[in-house]
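Values reported hereafter were calculated over all heavy atoms of this structure, with side chains retained and with hydrogens, waters and symmetry mates removed. Proteins come first, then strands; the chains are lettered A, B, ... in the order of their sequence lines, and each starts at number 1.
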There are 2 protein chains.
Amino acid sequence: MQETEKNKKQLILESAARLFRDKGYAATSMRDLAQEVHLKASSLYNHIASKEDILREICLGTAEKFLLAMDEAEKLPIPPAGKIEHLLRFHVKIALQDPTSVTSFNDEWRHLREPFLNGFMTMRQDYERRFLLLLKQGMDTGELAHIEPRVALYTLFSAMRWLYDWFRPGKSLSAETVETAVMHLLMNGLFKKGS
Amino acid sequence: MQETEKNKKQLILESAARLFRDKGYAATSMRDLAQEVHLKASSLYNHIASKEDILREICLGTAEKFLLAMDEAEKLPIPPAGKIEHLLRFHVKIALQDPTSVTSFNDEWRHLREPFLNGFMTMRQDYERRFLLLLKQGMDTGELAHIEPRVALYTLFSAMRWLYDWFRPGKSLSAETVETAVMHLLMNGLFKKGS
DNA sequence: CCTACCGATCGGTAGG
DNA sequence: CCTACCGATCGGTAGG
């Protein structure tokens, strides 16, 4: 059945994303993954073409989500700084919603081989280029501080990585608390404001 | 000879740190490493006890460097916010000086097994606990903005990770430019100051 | 420091 | 979806 076929594949992709985040792509065996979804290793190949194929679907799927958010942000009828804030909040939200896929996207994409590696890097560069443009525009309008734009870009992206890698919202730190605190730190800095 | 013995081991550790950063610990084979230092795989074992032993030396050695910097910072005759700035500048500096070891420290430590895993985590937690205390003190004195301290801690640490992972200072981005820009962004935020 | 080799495990296939 | 199995590669050892 098409239906179950699809659900099983989705389950495999989700289990793989979790294993890749927890142990890393290279340290995750197809036998680990098979056990997770209650199959023998050989049966996985009825649903996916190869181990790399799984990583490819996760990485390209996540890249598409980021690019869609960028499309949306660019269309907003607000100044550049607002678009950037919108995107950074998206980074926080996706980190809390789908942390496993985003960790593969961030940390494991280097295990892709050509031609997928190139396709992935092209998407990533496109996102970075457009984000960089928004940063420069925000600096030109005077909304944003004049900080070397590439350094700002990578520092902002990097600042979220603990959210993907291992953080899980819980009783002691809620999703709201985290979003508020992260945004405040990145937008206004650690030092108390005042001129 | 003791002298050459030591140099060779140091060379192995440095080559391993570079391979672990570029390919990951699990994807780096002892044969990869042997080739890098012009030996056969079996000869590596005259210098090191095991693959995990290499990772352990890198991770614990780096942890010690961070703890030494913390000792220093705590002794400075300045307010807490200054100590934090001092430590963050240390994070930038070590990222530019020894990026390979710090990447293993950050990304590959999870491949350690007991009892080393526990020893490593204890050192890391000690560093985080002391950094957290400085943050809280800085907020109490009114120097630092009131941001959820643990979120601030992990966001600050995470913000540097692109420096370790893949950045190399060069003609287009010098070490000075990077340090200035990163510190400005973290201390004062992306938005232009002004009340 | 090397040659020769070990058992274990890897991703993946054949065939039903 | 499974059993049975493949060649390749893994970390590491024996012995010199």
Ion pair A/R110/B/D22, N-O distance below 4.0 Å: no

Residues, nucleotides or ligands: over 12 heavy atoms within 6.0 Å of B/K23 NZ: yes

Enclosure of A/E52 CD (heavy-atom neighbours >12, cutoff 6.0 Å): yes

Taking atom [atom2] of [N] as reference, at what distance in whole Å does atom [atom1] of [X] sit?
X	N	atom1	atom2	answer
A/I48	C/dG12	CD1	P	7 Å
A/Y45	D/dC5	OH	P	19 Å
A/R56	C/dG11	CZ	P	17 Å
A/I12	C/dG11	CD1	P	14 Å
A/I54	C/dC10	CD1	C1'	14 Å
B/K51	D/dG12	NZ	C1'	12 Å
B/L44	D/dG11	CG	C1'	11 Å

Secondary-structure string, 5' to 3', Watson-Crick or G-U under 3.5 Å, | for another-strand partners, for DNA chain C: ||||||||||||||||

Expected output: side-chain B/S158 to main-chain A/W162 donor-acceptor under 3.5 Å: yes

Spacing of OG belonging to B/S50 relative to CZ belonging to B/R56, to within rounding of 0.5 Å: 7.5 Å

Aromatic ring pairing A/F157/A/Y127, orientation class (parallel under 30°, perpendicular over 60°, tilted between): tilted

Note, B/M30 side chain near B/I48 side chain (heavy atom, < 4.5 Å): yes

Residues touching DNA chain D, which here means a heavy atom under 4.0 Å, drawn from residues 18-42 of chain A: A/L39, A/K40, A/S42

Sequence-distant partners of B/R130, salt bridge (Lys or Arg N to Asp or Glu O under 4.0 Å), two or more places apart: B/D71, B/E74, B/D126

